[in-house]
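All chains are named by letter (A, B, ...) in the order of the sequence lines, taking the proteins before the strands, and each is independently numbered beginning at 1. Note: hydrogens, waters and symmetry copies are ignored here, and every other heavy atom, side chains too, is used.
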Amino acid sequence: MGRDRRYRERVYQIVRAIPPGRVMTYGGIAALIPPPRGTDWTGYVRVRARWVGYSMAECPDDLPWHRVVNAQGRISPRPGLSARLQRAVLREEGVRFDRNGRLDLDRLFWRPSRRWLRARGLLDPAA
DNA sequence: TCCTTGACTCAGA
DNA sequence: CTCTGAGCCAAGG
């Protein structure tokens, strides 16, 4: 299911850059990655967040996968125990969750600098 | 080949 | 706030 290796690597590269105590969303990450060659732009926009999700499902253990949450600021449910672990690790990093299991994206969402993006051929949403 | 199933998101109800 | 359905793509049964 996972897109091609090149796409996943781009996802992991971005996730690795998220600082402790900060988070990014699936869609937020996807918005930085250009559509693969031959992919229709409008179609890509509709599926890219899921592609990131699929990529995360098979991510290597050495990256801070726990810093990726969904657009509602909640931990996406999935089979296995990693969802619970994710919340625990985030709390260790100082992330607070409200009674609905939601964190404050306005404060915690992390955006790479333009310079960082440009150096890696990624998209700058503010451009 | 057809159908289901996803670590998604957004707009409606 | 919660719950659906739609939109879209690729793998696997």
Side-chain angles (χ1 to χ4, degrees):
Chain A
M1 67 184 98
R3 328 303 79 182
D4 55 35
R5 187 180 57 76
R6 172 115 178 97
Y7 193 87
R8 292 200 306 273
E9 284 309 319
R10 283 189 188 262
V11 172
Y12 303 152
Q13 180 178 38
I14 294 169
V15 173
R16 266 187 265 270
I18 307 174
R22 304 296 297 281
V23 300
M24 285 187 82
T25 63
Y26 299 94
I29 291 168
L32 305 178
I33 303 176
R37 212 175 131 66
T39 303
D40 167 58
W41 175 267
T42 54
Y44 174 62
V45 168
R46 291 206 176 50
V47 298
R48 59 189 186 179
R50 294 187 111 178
W51 284 10
V52 170
Y54 303 142
S55 297
M56 291 307 292
E58 24 187 302
C59 79
D61 298 323
D62 68 313
L63 84 159
W65 53 269
H66 59 279
R67 297 179 190 142
V68 183
V69 299
N70 63 33
Q72 310 169 68
R74 316 178 74 168
I75 290 169
S76 286
R78 81 209 58 160
L81 306 160
S82 64
R84 242 183 94 64
L85 173 63
Q86 178 171 7
R87 176 162 169 147
V89 178
L90 281 175
R91 300 222 309 169
E92 300 247 335
E93 294 187 350
V95 173
R96 322 264 313 262
F97 291 84
D98 66 19
R99 36 186 92 179
N100 300 308
R102 198 173 308 184
L103 52 77
D104 186 356
L105 279 181
D106 289 331
R107 283 191 316 111
L108 303 178
F109 189 89
W110 180 76
R111 300 169 187 290
S113 70
R114 295 186 185 184
R115 195 163 55 87
W116 191 91
L117 292 171
R118 181 154 29 82
R120 293 164 181 73
L122 296 172
L123 302 177
D124 181 354

Exercise. To the nearest Å, how far apart are I29(A) CD1 and dC8(B) C1'?
Worked result: 12 Å
For this session: Just compare dA7(B), dC1(C), dC8(C) and give me whichever is closest to any side-chain atom of R102(A).
Result: dC1(C)
For this session: Using whole Å, report how far CH2 of W41(A) lies from P of dC8(C).
Result: 15 Å
Problem set entry | Atom CZ of R120(A): over 12 foreign heavy atoms under 6.0 Å | yes
Seminar exercise, completed: In whole angstroms, the gap separating C1' of dA7(B) from CD1 of I18(A) amounts to 13 Å
Problem set entry | Spatial distance of atom CZ (R74(A)) from atom CZ (R87(A)) [nearest 0.5 Å] | 9.5 Å
Exercise. What distance do Y44(A) atom OH and W41(A) atom CH2 have between them, rounded to the nearest 0.5 Å?
Worked result: 7.0 Å
Problem set entry | Same-atom distance (P) from dA7(B) to dG13(C), integer angstrom | 16 Å
Exercise. Which pair of heavy atoms, one from V23(A) and one from L105(A), lies closest together, and at what distance?
Worked result: CG2-CD2, 3.9 Å
Problem set entry | Value in whole Å for how far the C1' atom of dT2(C) lies from CG of N100(A) | 10 Å
Problem set entry | Protein-nucleotide distance (D4(A), atom CG; dA10(C), atom P), rounded to Å | 10 Å
For this session: Decide, yes or no, whether a salt bridge links R96(A) with D104(A) under the criterion of side-chain N to carboxylate O below 4.0 Å.
Result: no
What protein N or O atoms touch nucleotides 9-11 of chain B N or O atoms at under 3.5 angstrom, if any, and at what distances?
from: dT9(B); atom 1: OP1; to: Y26(A); atom 2: N; distance (Å): 3.4
from: dT9(B); atom 1: OP1; to: G27(A); atom 2: N; distance (Å): 2.8
from: dT9(B); atom 1: OP2; to: A71(A); atom 2: N; distance (Å): 2.9

Exercise. Where do S55(A) and Y7(A) come nearest, in terms of heavy atoms and distance?
Worked result: OG-CD2, 4.1 Å
For this session: Can you tell me the distance, in whole Å, between the OH atom of Y12(A) and the C1' atom of dA7(B)?
Result: 11 Å
Exercise. Would you say R102(A) and F97(A) make side-chain contact, with heavy atoms under 4.5 Å?
Worked result: no
Problem set entry | Length of the OH-C1' vector between Y54(A) and dG6(B), whole Å | 4 Å
Problem set entry | Value in whole Å for how far the C1' atom of dC8(B) lies from CG of L105(A) | 14 Å
For this session: Give a yes/no answer on whether the side chain of R74(A) brings an N or O atom under 4.0 Å of OP1 or OP2 in dC1(C).
Result: no
